[in-house]
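These numbers were taken from a predicted model, which means no experiment stands behind them. Residue numbering restarts at 1 for every chain, and letters A, B, ... go by the order of the sequence lines.
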Amino acid sequence: MRVAKLNMVQAINLALHEEMERDPDVIVMGEDVGVDGGVFRVTEGLLNKFGSERVIDTPLAESGIVGTAIGMAVYGLKPVAEIQFEGFSYMTIDQLAAHASRIRNRSRGTYHCPMVIRSPYGGGVRALEHHSEAVATFYIHIPGMKVVIPSSPYDAKGLLISAIRDPDPVFFFEPKRLYRAFREEVPEGEYTVPLGEGKKLTEGDDVTLISWGAMARVCLEALKLVKDVSVELIDLCTLSPLDDKIITESVRKTGRAVIVHEEPRTLGLGAEIIARINEKAFLYLEAPVKRVTGYDVPVPLPKLEDYYLPDAERVADAIKEVATF
Amino acid sequence: MRVAKLNMVQAINLALHEEMERDPDVIVMGEDVGVDGGVFRVTEGLLNKFGSERVIDTPLAESGIVGTAIGMAVYGLKPVAEIQFEGFSYMTIDQLAAHASRIRNRSRGTYHCPMVIRSPYGGGVRALEHHSEAVATFYIHIPGMKVVIPSSPYDAKGLLISAIRDPDPVFFFEPKRLYRAFREEVPEGEYTVPLGEGKKLTEGDDVTLISWGAMARVCLEALKLVKDVSVELIDLCTLSPLDDKIITESVRKTGRAVIVHEEPRTLGLGAEIIARINEKAFLYLEAPVKRVTGYDVPVPLPKLEDYYLPDAERVADAIKEVATF
Amino acid sequence: MPRKKILELSVDWLSILDPEGNVDESLEPDLDKGTLEKIYRTMVLTRLFDDKALKLQRQGRMYTFGASLGQEATTVGSAFALNPDDWFFPAFREQGAQIARGIPIKLLYIYWMGSEDAYIGMPLRNFTIAIPVSTQILHAVGAAWAAKIKKEKIASIVYFGDGATSEGDFHEGMNFAGVFKTPTVFICQNNQYAISLPRERQTASKTLAQKALAYGFEGIQVDGNDALAVYSATKAALEKARSGGGPTLIECFTYRLGAHTTSDDPTKYRQMVEVEEWKKKDPIKRFQLYLAKKGIWSQDYEDKLIKELTAEIEKAVEEAEAYKPGVENIFKYVYAEMPSNLKEQMDELLAYISKKTEG
Amino acid sequence: MPRKKILELSVDWLSILDPEGNVDESLEPDLDKGTLEKIYRTMVLTRLFDDKALKLQRQGRMYTFGASLGQEATTVGSAFALNPDDWFFPAFREQGAQIARGIPIKLLYIYWMGSEDAYIGMPLRNFTIAIPVSTQILHAVGAAWAAKIKKEKIASIVYFGDGATSEGDFHEGMNFAGVFKTPTVFICQNNQYAISLPRERQTASKTLAQKALAYGFEGIQVDGNDALAVYSATKAALEKARSGGGPTLIECFTYRLGAHTTSDDPTKYRQMVEVEEWKKKDPIKRFQLYLAKKGIWSQDYEDKLIKELTAEIEKAVEEAEAYKPGVENIFKYVYAEMPSNLKEQMDELLAYISKKTEG
Ligand SMILES: Cc1ncc(C[n+]2csc(CCOP(=O)(O)OP(=O)(O)O)c2C)c(N)n1
Ligand SMILES: Cc1ncc(C[n+]2csc(CCOP(=O)(O)OP(=O)(O)O)c2C)c(N)n1
Ligand SMILES: [Mg+2]
Ligand SMILES: [Mg+2]
């Protein structure tokens with residue numbers, strides 16, 4: 001198997017190429033995904049290779065994209081629909097919450113809805129309003145949905161392949177700040193990273209550090225600032241269903257935890273993680289779990305954006321605080 | 001001041017009458033709110049009294065209702081918009097998350113958006129699909145929104161008046177199961193129940209029980225089953241912004257807490273409450289906080305609905321479990 | 001010519017059978033006796049199904065239900081134009097079409113008695129009932145589009161009301177259908193009301209059919225109480241769709257004779273005289289007169305039919321009432337594979353239930 | 001007549017000034033010299049504003065920005081038809097209209113340099129830029145409706161692109177406007193592309209103007225590169241609106257000469273020859289020729305104007321770049337009164353910042 005150094009855009013693009021090659025039912029649709037190759041170039045080359053019936057430039061209508069993708073999925077295709085920016089995904093919530101996520105249950109398995117919604121996610125690229133949001137909560141809270149966010153090119157490819165092959169609807173968020181942030185070795189050809197499983201980026205005994213997406217990279221940076229604390233960094237990869245096991249086992253070991261996310265604090269996934277820790281590792285806890293998060297405000301426009309996003313120092317401070325509680 | 005025994009529908013209706021009387025800028029709009037008086041009769045009599053320019057039967061379009069209400073609010077009216085059932089409120093999330101909640105911030109106070117969205121909420125009435133959902137999380141997680149849910153006729157009137165007078169957008173959920181469940185004394189004329197403040201329905205020392213809406217009534221029933229435990233029952237009334245103070249003070253006293261809600265467990269408000277308790281009362285906790293909630297599934301159709309909804313026994317069991325942990 | 005007319009558009013009306021059962025022979029569809037009888041039978045069964053459902057609801061044996069009294073020609077006439085391999089997307093007032101599609105009425109009763117289990121064993125290509133108004137339109141467009149992509153020569157049909165035309169999803173679905181020329185037939189059941197809102201206050205356009213013009217395809221208004229007109233228009237639209245001609249919007253001009261649902265009180269918003277006027281245009285009566293003229297229908301025929309259908313309904317209701325779904329079904333179908341949080345929650349519930357039953 | 005045409009509808013086209021600057025005198029609006037000069041000045045300022053913004057962005061002094069090159073007649077022509085007390089709802093490519101409305105360009109630069117503080121001191125009735133496509137349409141309808149309810153004889157104007165017509169909110173807004181006859185003028189800037197998607201693939205309708213017919217009101221297509229046509233059509237629509245005649249959709253047929261935004265590469269999806277063709281129809285050039293024929297414009301006039309406007313821009317940029325928003329602004333305006341969670345979070349951030357600056 002050939003291996004190349006790819007950034008996340010390339011890794012996702014490769015996954016799409018390979019899955020479309022493998023399975024003629026996989027189609028890609030969304031605004032500007034065809035001729036333009038996507039505003040981030042994630043779908044580049046697909047139109048040329050697979051033609052306009054499988055790589056579809058849609059009209060500008062997010063509910064329309066997701067709603068028609070549902071019909072396609074029910075019919076037997078596997079649509080991979082792009083929502084151009086996460087801030088426009090709100091328009092898809094109705095079709096996802098009222099339909100995609102329920103079709104299997106509502107029809108008692110007679111129909112199901114194997115589809116992926118891809119969308120860039122999160123801040124850090126100095127973008128327009130609505131282009132820097134972290135919106136996972138809306139989708140995690142919908143029963144029947146799965147939510148995935150990779151933090152590296154390798155995982156992005158492997159998780160996206162899993163998402164495409166998953167028989168249920170998956171919202172696949174792509175931390176846009178990592179799109180071209182770094183390269184790593186990504187094998188060509190088939191491999192998967194399983195949905196529903198977190199992974200340890202570092203092992204440690206003192207503090208469990210939990211994150212995902214771009215914030216997982218910020219956490220890695222933060223570790224350089226807290227050399228004296230032994231930190232176990234967990235990258236959740238899948239936010240729904242949540243990997244309770246990896247969290248619980250780690251916190252039972254360390255007794256301390258810090259959660260880092262871009263979402264506004266209130267009802268960001270951090271809240272649920274704390275609740276699960278409370279339920280499954282209460283007696284092991286030696287300090288309150290600490291959240292380092294976006295604030296309960298709209299993401300500021302670029303001039304003040306850096307103040308909003310958790311950075312390595314804020315994370316490091318939190319680790320120290322929790323470690324010495 | 002005259003006082004009458006009213007049910008929740010009547011109390012809300014009275015609040016609307018009085019506020020419309022008081023302030024000519026208050027208008028009511030939504031599907032079937034005029035001629036029909038609302039599918040639950042909440043807006044009955046308003047059309048006759050205030051005319052079709054202030055009591056507006058709209059076309060069938062939820063985003064349209066909320067989006068135009070935003071324009072009205074910005075212009076200087078105070079729209080009270082009804083979404084006929086909470087399961088159709090998903091269609092309003094975009095206008096609320098992208099606009100209503102941000103207009104003040106985005107315009108740095110040049111514009112603001114004083115509006116109320118009213119919607120029935122929750123299960124227990126044997127209704128069609130999408131008519132029994134508890135959807136507060138979606139709105140609590142939006143910075144700039146307020147979210148209110150009353151549990152009694154008296155509070156419903158007082159909270160709705162506060163919501164209408166609030167200068168920011170408020171989602172006001174009405175637990176439909178309580179619409180006609182009981183009557184209590186509701187004064188005519190002006191009084192308010194403040195937003196942002198929970199209230200104690202009982203005082204107690206052993207366990208803090210936190211709930212809102214119809215579940216607050218279920219909690220009251222549950223108390224009859226646990227006579228030997230001294231329970232402090234808090235009705236949050238406002239879910240956003242959350243009344244940290246009342247929760248923290250109570251848990252610091254009791255060291256134990258149970259949270260009851262209809263929402264699916266994952267990222268229901270219970271999660272955030274646990275996170276806040278963890279942050280503000282960690283050292284006082286003597287047992288893991290327990291959640292009694294809806295499950296992470298679509299609300300079942302009527303035949304199995306009762307299994308989904310927390311009932312007094314489930315709550316009582318949880319109280320006992322936590323009390324004896 | 002700096003100011004000039006650059007575009008002219010128009011909308012047609014179609015009716016074939018008048019309220020007295022007289023047929024316009026130039027337009028009469030070529031249907032054999034057996035099919036005509038089936039259409040009639042299905043319309044009558046639909047009405048009896050509704051009547052029974054309303055009774056059951058009043059007796060507390062069923063939950064909220066929306067009858068289709070007066071709309072049977074629209075639902076049944078259109079569904080008879082379908083091929084079995086066409087895809088069918090109902091809203092919530094299409095029992096006529098569902099019965100025409102061969103869905104056992106027992107399953108329909110199970111659904112309206114409050115169980116998703118109605119869909120276990122449902123004949124395929126008949127999609128689930130959509131409660132959120134207009135949302136199903138996109139699914140029908142997506143399915144038709146998928147058929148096109150997979151080179152399968154079928155069409156999809158989708159039903160919705162006059163009220164549904166105001167929703168964003170209607171617009172987005174119609175527009176996608178126009179752009180991608182999906183083989184979709186849009187059946188708008190214009191029954192003049194969306195709960196209490198009369199059609200004229202739903203939109204300022206003169207017809208609903210003309211809305212198709214905004215998407216570059218044909219819209220036609222048909223007499224929705226005329227099963228032959230509905231059948232013919234639908235048949236033509238389906239054939240056009242299957243042969244690559246793209247979508248059609250058919251506005252079926254009809255009337256809801258009953259309440260919106262069992263929770264509704266129509267006296268709040270409309271006059272009895274209006275209802276009486278429309279009763280004269282009853283679609284079943286009209287078809288009956290037509291069949292009588294053809295020598296198919298007689299009072300005897302009617303009595304036998306009613307007896308047979310009533311028995312069918314009683315049996316279906318009995319079976320539906322006997323049906324008891326298992327509690328695990330709450331959890332079993334949410335995902336293909338049950339995640340750990342659901343397993344835990346299911347175990348929690350099952351333990352609670354067994355404690356309760358023991359206690 | 002069982003099959004009959006029941007409705008005929010049509011759409012008009014309007015142009016007044018041709019690409020050579022020749023005017024159709026029968027349609028020429030009655031504008032005095034001062035106003036004509038102001039229109040020209042504003043179009044030129046808009047273009048210079050855009051040019052400067054593109055340069056700043058390339059130098060890393062500004063963020064993503066969508067220029068309006070080629071669309072100045074549409075934005076400026078329409079905005080000049082407004083009264084100061086009309087309400088204005090832009091999308092994100094209406095700098096021309098914003099400048100015409102008297103918004104200081106310094107504020108526009110502050111916004112595009114990434115600060116909400118641009119809105120501090122913004123002249124009223126000029127609503128915030130709307131990034132999510134088509135969502136602002138509903139606000140404009142709501143504001144117009146409010147004006148109607150409050151018996152204030154003003155209109156609202158709302159801008160959006162060809163792409164926006166596909167969104168549900170466009171539909172819902174148009175429909176509400178039709179039903180409630182709100183005094184709203186809908187300006188669709190049809191610049192032929194929504195990022196890479198050409199107009200013909202956005203919708204299958206022949207014009208965008210005809211979409212108004214679905215809502216029971218008038219739609220007109222005007223030459224969007226002709227400031228006089230845009231002005232006249234908008235003026236007429238606004239007057240109709242203010243006097244109770246209800247809404248109008250004006251499709252301004254124009255072209256985006258530049259990239260969608262600074263992040264876009266239009267060579268991916270269109271041919272240079274197409275751009276060249278449209279450059280010949282440049283709205284500013286055309287107006288210049290018109291003014292020249294009227295004896296208003298000359299090369300001297302132009303040189304002086306450019307010099308003056310360039311200085312104005314340089315000053316605005318300087319001031320905008322000097323502007324530094326305070327960190328508390330992140331928290332201060334979310335609610336009228338700051339709730340405790342925000343207070344805590346603000347304190348947390350301020351403490352972190354002061355630790356960092358000390359450390
Ligand atoms: C999105 C949405 N909003 C509101 C409702 C509540 N509701 C149910 S039926 C109905 C009216 C539907 O009218 P129409 O489309 O004409 O269909 P009809 O009921 O007349 O068959 C409404 C408002 C709903 N089901 N879905
Ligand atoms: C709801 C939404 N979806 C997607 C986008 C991303 N986006 C920004 S502009 C644009 C194209 C808009 O096209 P059009 O309406 O024709 O306006 P134009 O850019 O041509 O002025 C898109 C897809 C957005 N801003 N909002
Ligand atoms: Mg109707
Ligand atoms: Mg455009």
Side-chain angles (χ1 to χ4, degrees), chain A residues 62-63 87-98 101-102 105-106 129-130 133 135-138 140-144 240-242 259 263-283 285 287-291 294-301 325, chain B residues 62-63 87-98 101-102 105-106 129-130 133 135-138 140-144 240-242 259 263-283 285 287-291 294-301 325:
Chain A
E62 287 72 16
S63 185
F88 314 125
S89 72
Y90 305 127
M91 298 170 179
T92 73
I93 294 179
D94 182 62
Q95 282 289 342
L96 293 174
S101 62
R102 299 178 185 228
N105 181 65
R106 175 191 292 150
E129 197 188 353
H130 309 287
E133 289 165 27
V135 297
T137 284
F138 295 97
I140 298 170
H141 187 57
I142 299 173
S240 173
L242 195 56
I259 303 160
E263 269 80 5
R265 187 166 305 165
T266 295
L267 282 175
L269 184 59
E272 181 64 28
I273 296 170
I274 293 177
R276 302 261 178 119
I277 291 172
N278 153 83
E279 281 155 9
K280 303 190 170 187
F282 179 77
L283 291 177
L285 271 186
V289 180
K290 175 94 186 164
R291 293 187 283 180
Y295 302 114
D296 291 331
V297 304
V299 181
L301 290 185
F325 181 85
Chain B
E62 287 71 17
S63 185
F88 314 126
S89 72
Y90 305 127
M91 297 169 179
T92 72
I93 294 178
D94 182 61
Q95 282 289 343
L96 293 173
S101 62
R102 299 179 184 227
N105 181 65
R106 176 190 294 150
E129 198 187 353
H130 308 286
E133 289 166 26
V135 297
T137 284
F138 295 98
I140 298 169
H141 187 58
I142 298 174
S240 172
L242 196 55
I259 302 159
E263 269 79 5
R265 186 165 305 165
T266 295
L267 282 175
L269 183 59
E272 181 64 29
I273 296 170
I274 293 177
R276 303 261 177 118
I277 292 173
N278 154 83
E279 280 155 9
K280 304 190 170 189
F282 179 77
L283 290 176
L285 271 186
V289 180
K290 175 94 188 164
R291 293 188 283 182
Y295 303 113
D296 290 331
V297 304
V299 181
L301 290 185
F325 181 84

Considering only heavy atoms, which portion of [X] lies under 4.5 Å from any heavy atom of chain A: side chain, backbone, both, or neither?
X	answer
B:L96	neither
B:E133	side chain
B:Y90	both

>> Which one wins on heavy-atom pair count under 4.5 Å against chain B: A:N105, A:V289, A:D296, A:I93?
In response: A:V289
Over all heavy atoms of both residues, which pair between [X] and [Y] is shortest? Give the atoms and the distance, please.
X	Y	value
B:E272	B:L242	CG-CD2, 4.2 Å
B:T137	B:L267	OG1-O, 2.6 Å
A:G87	B:D94	O-OD1, 4.3 Å
B:F282	A:P288	CD2-CD, 3.4 Å
B:P143	B:S101	O-CB, 3.2 Å

Residue part contacting chain B, namely of [X], when any heavy atom lies under 4.5 Å:
X	value
A:L285	both
A:L283	side chain
A:E62	neither
A:Q95	neither
A:A281	neither

>> Let's test your reading of the structure: which of B:R265, B:R276, B:K290 forms the most heavy-atom pairs below 4.5 Å with chain A?
In response: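 Highest number of pairs under 4.5 Å: B:R276.
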>> If you count heavy-atom pairs within less than 4.5 Å of chain A, which of B:G270, B:P300, B:A97 leads?
In response: B:A97
> Rounded to the nearest 0.5 Å, how far does CD1 of B:I274 lie from CG of B:L269?
Replying inline: 10.0 Å
>> Would you call the rings of B:H130 and B:F88 parallel, tilted or perpendicular, taking 30° and 60° as the class edges?
In response: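 It falls in the tilted class, 30° to 60°.
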>> Whether A:R291 and A:E263 form a salt bridge (side-chain N of Lys/Arg under 4.0 Å from carboxylate O of Asp/Glu) is what I want to check.
In response: no
